[in-house]
Amino acid sequence: MKIFLDTADIEEIRIAARWGVLDGVTTNPSLYAKVGGSYEDILREICKITSGPVSAEVVAEDVDGMLREGRAFAKLARNIVVKVPMSEEGLEAISRFAEEGIRTNCTLIFTSNQGLLAAKAGASLISPFVGRLDDINQDGMIVIRELAEMFSLFDIDAEILTASVRHPQHVTQAALAGSHIATLPFKVLQQMIHHPLTDKGIVTFRQDWEKARAAAAAKDHADGTPGEITEPDSGAQPAKGTAGGSARAGSRSRPAAGS
Ligand code: E4P
């Protein structure tokens, strides 16, 4: 499953790109309102950071307005995808954009029937909002599961983009339900990385390493021989034939990756 970031914050996008996990970005007027500035400049900057799809949302509610805004967004970069809300006007705009070769993301999807119609009209991304459904006591994942089944049954090309993700379990559930993409707030991406046992384990390994180094250094000092333990990431190798070249308890360097 592809992972998009659901933000207009450039720094968050840069960080996720550096982690090597970023497949695209979704923005919306509310996310843009959090950062301010020029929406066009932000979109251009995002499109430089990722070559994946970057959704830019129209705010017009009439077809001509949607087309005008969407065509302007599409000129900003080749990876822009125009985000259009589900509505009668939205479907018409999606269909017109498809004829013009402009990719669209149909947003504010709350039922599988809406998703089916958006795909038929020509949207390449279909965005069901799972969190907002959960908020009103309806199971958002049902829409993802139904759409995944429909798209598979009828070989529909559009991709399901699970949106309104609130926590890491939504990501796991979306992947298992067959969603092609999930778009995540940066906080949820960070929550996916961390686990208390992982974070604790890193501290324990470091502490044990330091203890071993101190013990080896104390022994070397007592023996009058130079210590051999190297920094974990120094890459230093003890010279062959020196005291440091022998295999001793407490002597270690970082194991090779995969070992
Ligand atoms: C993304 O495309 C959607 O606009 C976004 O995920 C909505 O999330 P929210 O329900 O948290 O506002």
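One-based numbering, in listed order, for ligands and for the atoms of each.
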Nearest-contact summary for [atom] - protein heavy atom, Å:
atom                    : result
atom 11 (O) of ligand 1 : R166 NH1, 2.8 Å
atom 5 (C) of ligand 1  : D6 OD2, 3.0 Å
atom 4 (O) of ligand 1  : N28 ND2, 2.7 Å

Geometric N/O contact [X] with ligand 1, under 3.5 angstrom:
X    : answer
S164 : yes
R132 : yes
T107 : no
E57  : no

Within a radius of less than 6.0 Å around CD of E40, do more than 12 heavy atoms belonging to other residues, nucleotides or ligands occur?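 Yes.
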Taking everything shown except E100 itself, do over 12 heavy atoms lie less than 6.0 Å from its CD?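 Yes - once you tally the heavy atoms of other residues, nucleotides and ligands closer than 6.0 Å, there are more than 12.
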Are any side-chain N or O atoms of S124 and backbone N or O atoms of A158, one a donor and one an acceptor, separated by less than 3.5 Å?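 Between the backbone of A158 and the side chain of S124 there is no qualifying donor-acceptor contact (under 3.5 Å).
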Can R132 and D135 be counted as an ion pair, charged N to O under 4.0 angstrom?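 Not counted as a salt bridge, because no side-chain N and carboxylate O are separated by less than 4.0 Å.
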Relative to the ring of F186, is the ring of W19 parallel (under 30°), tilted (30 to 60°) or perpendicular (over 60°)?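 Plane angle under 30°, so parallel.
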With atoms numbered from 1 as shown, which atoms in ligand 1 lie under 4.0 angstrom from a non-hydrogen atom of T26?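 Those qualifying, in numeric order: 1 (C), 2 (O).
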Would you mind running through ligand 1 and noting each atom that sits below 4.0 Å from a heavy atom of F129?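 The list of qualifying atoms is 3 (C), 4 (O), 7 (C).
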R166, H170, H167 screened by side-chain hydrogen bond (donor to acceptor under 3.5 Å, both in side chains) with D134, the one that passes: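 Option passing the side-chain hydrogen bond (donor to acceptor under 3.5 Å, both in side chains) with D134: H170.
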Which one holds for K83 and ligand 1: side chain close, backbone close, both close, or neither close, with close meaning a heavy atom under 4.0 Å?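 The side chain, only.
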Please report the C-alpha distance between N28 and T107 in whole Å, then the side-chain angles of each, then the deciding distance to 0.1 Å, and finally whether the side-chain contact (heavy atoms from CB on, under 4.5 Å) criterion is met. CA-CA 10 Å; N28 66 32; T107 190; over 6 Å; no
